[in-house]
Amino acid sequence: MERILVTSALPYANGHIHLGHLVEYIQTDIWVRYQKLRGRRCIYVCADDTHGTAIMIRAQQEAVREEELIARMKQAHQRDFAGFQIQFDNYGSTNDPENRALCIEIWSALRRAGLVSQKEISQLYDPVAKTFLADRFVKGTCPRCQAPNQYGDSCDRCGAHYSPTDLIDPISTISGARPEVRSAQHLFITIEKLHGFLDDWTQNSGALQPEIANYLKGHFLNEPLRDWDVSRPAPYFGFEIPDSPGNYWYVWFDAPIGYISSTKQWCDRHGQRLDDWWRSEQSEIHHFIGKDITYFHTLFWPAMLKVAGFNLPKKVHIHGFLTVNGEKMSKSKGTFILASTYLQYLDPAYLRYYYAAKLSSGVEDIDLNFEEFAGKVNADLVGNIVNLASRTARFVQGQQLSAVYPDDKGLFARAAADAQQIADAYQQCDFARAIRIILAAGDRANQFIEQAAPWNLRNDASGAERLRDVCTIGLNLFRQIAVYLAPVLPRLAEQTGELLGVPIRHWDESQQPLLGATVSEFKHMLRRVDRHKVEAMVAASAEPEEQQEGSPNNLPIDSDEALRAEPLAPQISFEEFAKVDLRVARVLEAEEVEGAKKLLKLTLGLGGDHRRTVFAGIRGHYQPQELIGRLVICAANLAPRKMKFGVSEGMIVAVGDDSGVYLLYPDQGAKPGQRVH
RNA sequence: GGGCCCGUAGCUCAGCGGUCAGAGCAGGGGACUCAUAAUCCCUUGGUCGUAGGUUCGAGUCCUACCGGGCCUACCA
């Protein structure tokens with residue numbers, strides 16, 4: 001195939017990217033990077049989905065123009081994606097002029113095919129906000145079970161389905177006004193006329209996973225397809241329909257067209273013809289979507305493409321949802337984690353790897369379990385894979401790898417032969433299988449190094465050649481794995497290129513060992529997951545208001561063990577307390593103290609040039625790296641104390657004993673130098 | 001109401017009609033010390049949700065039931 005065009009679903013401009021979205025974008029990005037690594041001509045396009053009532057209302061609430069809102073959100077989305085190394089070839093917007101032009105083109109085709117009809121629809125209307133109300137913007141009392149505060153389409157208490165006009169005492173969630181029933185003319189697409197085509201395409205084209213094909217057959221295609229309502233009366237934020245003034249295309253009509261218009265933008269920038277990508281036998285289209293938007297992409301969208309003469313998707317890859325610690329993401333539990341929040345605390349490589357290790361080609365949900373997340377990354381990635389480089393490169397720093405590949409008992413050849421299986425797994429989106437095969441190669445490599453014991457060869461001149469050979473093998477086995485993992489961990493592939501002086505560019509580099517290359521100084525490629533940071537991320541994501549809603553009965557029952565172990569000190573006066581000057585300080589530097597078992601040497605900043613050197617007995621409980629930048633509380637007027645390793649000019653406040661030490665941190669907003677009162 | 005998916009060791013999963021059901025992590029024991037408390041070796045652990053059926057033979061196919069998740073078109 002000459003060209004491969006890949007898309008992810010267009011994120012809605014009404015909210016920020018969170019870890020649930022990222023399942024899809026990371027999955028797609030891995031697949032695209034795999035294709036590119038194989039040397040295939042592949043582009044990855046996406047865009048912001050910007051239209052609809054929700055955007056209009058939000059813009060009203062924030063008192064900005066819609067264009068401003070969506071521009072701001074697009075910028076935020078792109079920054080989040082870049083932070084996770086998701087590499088789009090083009091990122092557009094459904095509000096771009098290219099999209100309008102393509103909407104018109106496809107609309108005309110639907111008109112010409114006689115598929116557009118007009119019908120009058122009765123809908124609830126908010127007279128205050130002056131807008132028609134989608135079901136989700138209406139609340140009221142369930143007509144069946146009398147449950148209050150139910151949405152306009154169904155009751156989550158008794159499960160009844162009804163029309164919003166059946167609700168008792170309905171109110172608009174936008175203005176609080178009582179909605180009235182109004183009717184308006186809507187435009188419909190008679191998708192039933194394409195029923196035969198959809199039967200065939202969904203069941204026989206191979207574009208859909210079997211369970212999806214089944215689902216469609218059992219649910220939609222077993223009866224006449226209902227007409228699809230594709231217009232909304234003004235006011236609506238979207239494109240006005242040229243031949244139906246006052247009506248706008250429903251957001252789900254123009255959203256998928258964004259796939260094409262984003263491609264168009266890329267083509268215009270690269271001197272390519274759009275038709276070579278969207279109307280060509282030599283091009284295949286792959287959509288990656290979540291299961292919630294299945295029918296839009298497997299019924300309406302193929303119907304539109306068919307009528308307008310575009311290529312049909314070669315494959316619609318449908319994935320499940322993300323749960324966190326086994327439950328739906330929850331704002332109150334701090335498991336509704338935004339991409340930007342994650343990036344403040346953790347390396348994106350962790351999540352890319354973790355998702356890859358859990359993703360298969362099915363539509364099952366995947367669970368992000370933080371305990372497993374930390375364990376998997378630390379054990380598999382750092383302990384097994386990266387450790388291969390870490391434990392061999394240092395022996396041959398600044399030297400060259402052997403000129404002839406030494407006898408490695410067939411290890412390199414064996415892993416080279418795995419390439420086909422790994423490639424198949426990537427191609428089928430069964431990344432979990434790819435990772436399993438790759439990890440097995442890592443295990444074999446570690447076993448080899450264990451047996452070859454390079455550390456026993458280094459001090460012996462006669463062992464120098466053998467040492468070089470062993471490290472040549474170890475580093476090549478590592479590099480081979482880095483090639484296989486390059487789609488998942490692009491940064492690791494880059495670092496491997498830097499270490500060995502030859503960049504990784506192609507899958508086939510897994511097939512031949514690298515010889516004679518000069519080994520650079522080894523630098524850590526990936527740090528272990530710091531569980532404190534995971535906790536901090538969850539804490540930062542928790543919405544405090546909802547936490548307070550928790551019943552007092554849910555408070556943990558604390559033992560008085562700590563109090564008994566260390567009884568309260570004698571009472572003091574306020575004046576005595578006030579003598580202690582506690583200050584907020586920022587950790588500017590942190591390092592382990594040579595020769596000391598428990599001490600870390602910290603440089604604290606109190607703002608401006610005011611600095612203190614403090615020795616704290618927290619080594620083993622905190623990594624120096626993780627402390628840098630944090631705010632702590634320091635006893636600032638304590639007399640300096642000479643210690644074996646230098647003078648300590650204060651103390652930092654912490655609780656605990658040898659079994660665990662916990663630093664105290666000021667809440668957000670505190671500034672260095674502020675006094676504790 | 002209808003539909004789809006899932007239910008295999010404490011956890012995450014592999015196994016998709018045929019050797020005594022496997023891996024990683026966690027747990028237990030040992031070795032090593034090059035490495036980011038990394039690595040290596042050994043080891044504990046499952047009547048494969050339940051009950052029937054098809055078959056010479058079933059986690060593996062069929063049926064029912066139980067449990068969990070999700071979807072159900074003028075919701076983005």
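Naming: A, B, ... by sequence-line order, numbering from 1 per chain.
Base pairing of B:C4: its partner is B:G69, meeting the Watson-Crick or G-U wobble criterion (both donor-acceptor distances under 3.5 Å). Under the Watson-Crick or G-U wobble criterion, with both distances below 3.5 Å, B:C61 is paired with B:G53. Summarising the base pairing, B:G24 is matched to B:C11 through a Watson-Crick or G-U wobble pair whose two defining distances lie under 3.5 Å. Look at B:C40: its Watson-Crick or wobble partner, with both distances under 3.5 angstrom, is B:G30.
Atom C1' of B:G15 sits at a distance of 10 Å from the matching atom of B:C48, rounded to the whole Å. The gap from the C1' atom of B:G57 to that of B:G10 amounts to 32 Å, rounded to the nearest Å. Between B:G18 and B:G2, the two C1' atoms lie 39 Å apart (nearest whole Å). Across B:A14 and B:U60, the matching C1' atoms stand 13 Å from one another, rounded to whole Å. A distance of about 28 Å separates the P atoms of B:C42 and B:U8, rounded to the whole Å. If you take atom P in B:G59 and the same atom in B:U50, they sit 11 Å apart, rounded to whole Å. Comparing the P positions of B:U44 and B:G24 gives a spacing of 14 Å, expressed to the nearest Å. Comparing the same atom, P, in B:U36 and in B:G29 gives a spacing of 26 Å after rounding to whole Å.
Comparing A:Met525 and A:Ala13, the nucleotide of RNA chain B nearest to each residue sits closer to the 5' end for A:Met525.
Between A:Arg394 atom CZ and B:U36 atom P the separation is 5 Å, expressed in whole Å. The CD1 atom of A:Ile293 sits 22 Å away from the P atom of B:C4 (whole-angstrom rounding). A straight line from OH of A:Tyr355 to P of B:C13 spans 14 Å, rounded to a whole angstrom. Between A:Glu372 atom CD and B:A26 atom C1' the separation is 11 Å, expressed in whole Å. What separates CG of A:Asp292 from P of B:G69 is a distance of 18 Å, to the nearest Å. Distance, A:Phe431 CZ to B:C13 P: 17 Å, rounded to whole Å. What separates CG of A:Leu381 from C1' of B:U12 is a distance of 16 Å, to the nearest Å. Atoms CG (A:Leu299) and C1' (B:C71) sit 13 Å apart, rounded to a whole Å.
For B:G45, the base adopts the anti conformation, since its glycosidic angle falls more than 90 degrees from zero.
In this structure, A:Phe370 and A:Phe373 have perpendicular ring planes: the angle between them is above 60°, well past the 30° mark. In this structure, A:Phe300 and A:Tyr295 have perpendicular ring planes: the angle between them is above 60°, well past the 30° mark.
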### Summary
Quick tally for nucleotides 38-45 of chain B: nucleotides whose base has a protein heavy atom under 4.0 Å get B, sugar-phosphate-only ones S, the rest -, giving SBSS----
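Classification of A:Asp418 and A:Arg444 as a salt-bridged pair holds, one side-chain N sitting under 4.0 Å from a carboxylate O.
Between A:Arg226 and B:C74 there is no side-chain polar atom (N or O) within less than 4.0 angstrom of OP1 or OP2.
Backbone-only engagement by A:Gln123 is indicated by non-hydrogen atom pairs under 4.0 Å involving sugar-phosphate atoms exclusively. Among the atoms of the strands shown, none is found under 4.0 Å from any heavy atom of A:Val230. Among the protein residues, A:Leu526 comes within range of the nucleic acid bases, having at least one heavy atom under 4.0 Å from a base atom. Heavy atoms of A:Phe395 sit under 4.0 angstrom from primed sugar atoms or phosphate atoms, though from no base atom. The residue A:Arg436 sits close only to the backbone: its heavy atoms come under 4.0 Å of sugar-phosphate atoms, none of a base. Across all strands, A:Lys376 comes closer than 4.0 Å to no nucleic acid atom at all (heavy-atom distances).
In this structure, A:Cys471 and A:Leu401 have side chains that are not in contact, with every pair of non-hydrogen atoms separated by 4.5 Å or more.
A:Ser122 and A:Ser183 share no donor-acceptor pair across their side chains, judged by distance under 3.5 Å alone. In this structure, a donor-acceptor pair under 3.5 Å is absent between the side chains of A:His51 and A:Trp249.
Between A:Phe253 and A:Trp107, the ring center distance clears the sub-6.0 Å criterion.
Stacking here means ring centres nearer than 5.5 Å and ring planes tilted less than 30 degrees, and by that measure A:His186 does not stack onto B:C74.
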